Structures are given as structure tokens and as C-alpha cells.
2 protein chains.
Amino acid sequence: MKQEKLLRRALEDNGSRVTQPRLVVFRLLQEHGLQSIAELISRSSGTVDRVSVYRVIELFEKLGIVRRVTIGWKYKLELSEIFLDHHHHITCLSCNKVVAVKEDEKLEKVIDRLADGTGFSLSSHQLELQGHCKTCRERSTTLQSS
Amino acid sequence: MKQEKLLRRALEDNGSRVTQPRLVVFRLLQEHGLQSIAELISRSSGTVDRVSVYRVIELFEKLGIVRRVTIGWKYKLELSEIFLDHHHHITCLSCNKVVAVKEDEKLEKVIDRLADGTGFSLSSHQLELQGHCKTCRERSTTLQSS
DNA sequence: AACTAAATGCAACAAAATTGCAAGTATAAC
DNA sequence: GTTATACTTGCAATTTTGTTGCATTTAGTT
């Protein structure tokens, strides 16, 4: 189904209206993917007020339309699993590029077993990775050899 | 080795002094474990200034004495792997209790393989879990049956 | 005990997020 | 298509969180 239709339905099911600010923020998330609230605010400035961006995101989170992702101790926002498949992120410590990492069945199993040991029932999990991307590794080798 | 000795060494190796504020913050981290910076500030108020708590934490992070942990989109602080063994956290969505989950060799392997697929070399990772603790699950069952 | 560089506390500032309220607008009923 | 109205928005003000500059204090050395 077209993503915007899913959005409309999620809003209507909650008795919430489909407004300009909500559409603007949604489209920015579609277009630019993972981004900070500051980026959302700046990209929508002139059209949508700062405060409204905060409020739209708050609603979207409550309705499961967006999720927060921690990247280097700041959070960023991206469309939820209704719109994108379950994944995690790896950040390059040299160039700060962030790449999605697909969730893998084995990972799920291992995490389930980890949780078992605690007596908790498991509802959700987030994994964040850091490392160095291929480009940066190659560049640093080149520089060293010169 | 006694933990405070490790702290002294870490500071001295860096040419940093062993001061009252640093000892106070360190002992709070030992005594209360994982906590927010607001909790650290409040627990040390009267003895240590707000700003100094920030500065001590900044230094401790740089020296690898503390690490930041994301819990529910806010970070908390705890002593690093020099003082505690490598672990993650699971939070109860009902009562907000946070419990440590030991890192497991299988998890490490699965994560290593995940990273392989991206072309990144892996430096570090964080895993955060959410669920419901035994106590809360039992309580909610009791309430339903009455 | 005196010296000195490092660290602290205070005040001021900057950034990020929240709240209250009057004005605007999306939806449903006519 | 108009109208009514409850939901939303934008603005201003405030709160919370984190940072900076500088005079004073203090840890560690001589």
C-alpha cells in the first residue's frame, strides 16, 4: 500500500487529523530518511513551526509511525517498521556516515535467549554499532604508505 | 586491585589530579551504579558544583572510566568495563527497573558477522532491551483474574 | 612551607525541549 | 458548498540541560 495511505489510516484510526505540518514532516522523513529533530526543524522552517515539529514527532511516536534511534548519544528519527523493515545502524567513527544493517534471524534468537536469562519477557530491542567504513580504512592506509 | 587505586592510576597516567569532586563522583557511581547526570548532580549537591559534575564526567569518559548508556532515549552513566564486566541492559516497561544482562559469546559472534556484511570494521556496539519483569507480569495476571 | 599549574565554583550564556493560549483549519453535519 | 466546532497550530514565554570565561582555590611538587 502507498505509504501516505498508511499514514492517513494511522492518523484517522486515532481520531487525529491529516494536517499540513504532519504531511510535511512525514514527507521529510520519507525523503531524507534518518535525521535529527534539528534537521527536521530546519528543513521545514518557513512552513512548520519548531514547536509543531516536536508535537508531530511526539504524536508519530505514540502512533508508532516514527522511532527514535540513538546515534552517538544523540537521537535521530526515522520511519518505523510499518514503513521500513527491521534494521539497526552502524556509524563510521571517521566520517560519521550511518548505514543500515539488516536484522538477522540469528541475532533475534541470541537476543531472545539473553533475555530469557533475566526472567523478563522481551518486547523490543535496539542495537547500535560503531566502526570504520571501507573508504575510510583505505584512505588511512594510503596516507600512511606515502 | 581496589577500584579506587585503578581510578588514581588512570588519573595520574593522564597527568590529572586526584581531587575531591572526582572522588565524590566516582564513589557515587560505585555506590548507586547506573544513574543520570541529574541524579549525580543532586546526590553531590552541596559538595560539588553542577558544572564540575559535567566536567568530571567529560574527563572520566575521555579516560574510559565511565561510559554512557542509553536508557529510553536518555543517557545514563556507569563505571566502564575497567570496573564492571561487559554487559547490556534490559528495562521493564511497567516499572522502569533496569537490570544488567551479561554479554554472551554467541552474541558477539553474531554481531561480528552482521558487521562483516556492511564492509565496516567493528569497534564497539551497544544493545538495549525492553520488556516486562517477572514481578510486573505476575502482578498484572493477578489483577486480571480478580 | 611555598610555589605553580590544574581544577573548581560562580555567573552568565547557549541550546534543546515544554507549556499556555489565542487564532486558524480539517472534518462532519447540514 | 456552508457552517459549526473540536482539533491543531504558531507564537511567546518558560523550563531544562549543557557550555564557557574567569577569578579563586587546591593538589602535588620543590
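Because the structure is predicted, anything quoted here is derived from the model rather than measured.
For the OP1/OP2 pair of C:dG9 and a distance below 4.0 Å, the side-chain nitrogens and oxygens of B:Y54 include no atom meeting the criterion. Residue B:R50 places no side-chain N or O under 4.0 Å from the OP1 or OP2 atom of D:dT19.
The pair A:K62-A:E58 fails the salt-bridge criterion, with no side-chain N (NZ, NE, NH1 or NH2) lying under 4.0 Å from an Asp/Glu carboxylate O.
B:K74 contributes atom NZ, which lies 12.5 Å from atom OG1 of A:T70 (distance to the nearest 0.5 angstrom). Taking CG of B:L127 as the reference point, atom NE2 of B:H87 lies at 11.5 Å (rounded to 0.5 Å).
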**Message:** Quick one, A:H88 with A:E103, criterion side-chain hydrogen bond (donor to acceptor under 3.5 Å, both in side chains). Give me CA distance, side-chain angles, the key distance, then yes/no.
**Reply:** CA-CA 7 Å; A:H88 303 286; A:E103 172 85 350; 2.5 Å; yes

**Asked** How does protein contact run along nucleotides 20-30 of chain D, one letter per nucleotide 5' to 3', with B for base contact, S for sugar-phosphate only, - for none, heavy atoms under 4.0 Å?
**Response** BB----BBS--

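Atom P of nucleotide C:dA7 and atom CG of B:L59 are separated by 7 Å, given to the nearest angstrom. A:F60 has its CZ atom 11 Å from the P atom of D:dT8, to the nearest Å. The CG-C1' distance, from B:L23 to C:dA7, rounds to 13 Å in whole Å. Rounded to whole Å, atom C1' of C:dT25 lies 15 Å from atom CG of A:L11. One interatomic measurement links the two molecules: CD1 of B:I57 to C1' of D:dT17, which rounds to 15 Å at whole-angstrom precision. One can place CZ of A:R68 at 12 Å from C1' of C:dA16, the figure rounded to the nearest angstrom. As rounded to whole Å, 16 Å separates atom P of D:dT16 from atom OH of B:Y75. Computed from coordinates, the B:E58 CD to C:dA6 P distance equals 16 Å when rounded to whole Å.
Within the nucleic acid shown, B:S36 has no heavy atom closer than 4.0 Å to any nucleic acid atom.
In this structure, B:S36 contributes its side chain and B:E39 its backbone to a donor-acceptor pair below 3.5 Å.
Between A:F60 and A:F26, the ring planes lie perpendicular to each other; the angle is over 60°, past the 30° to 60° tilted range.
Cluster annotation: B:I90 and B:V98 are assigned to distinct hydrophobic clusters (Ile/Leu/Val/Met/Phe/Trp/Tyr, side-chain heavy-atom contacts under 4.5 Å, transitive).
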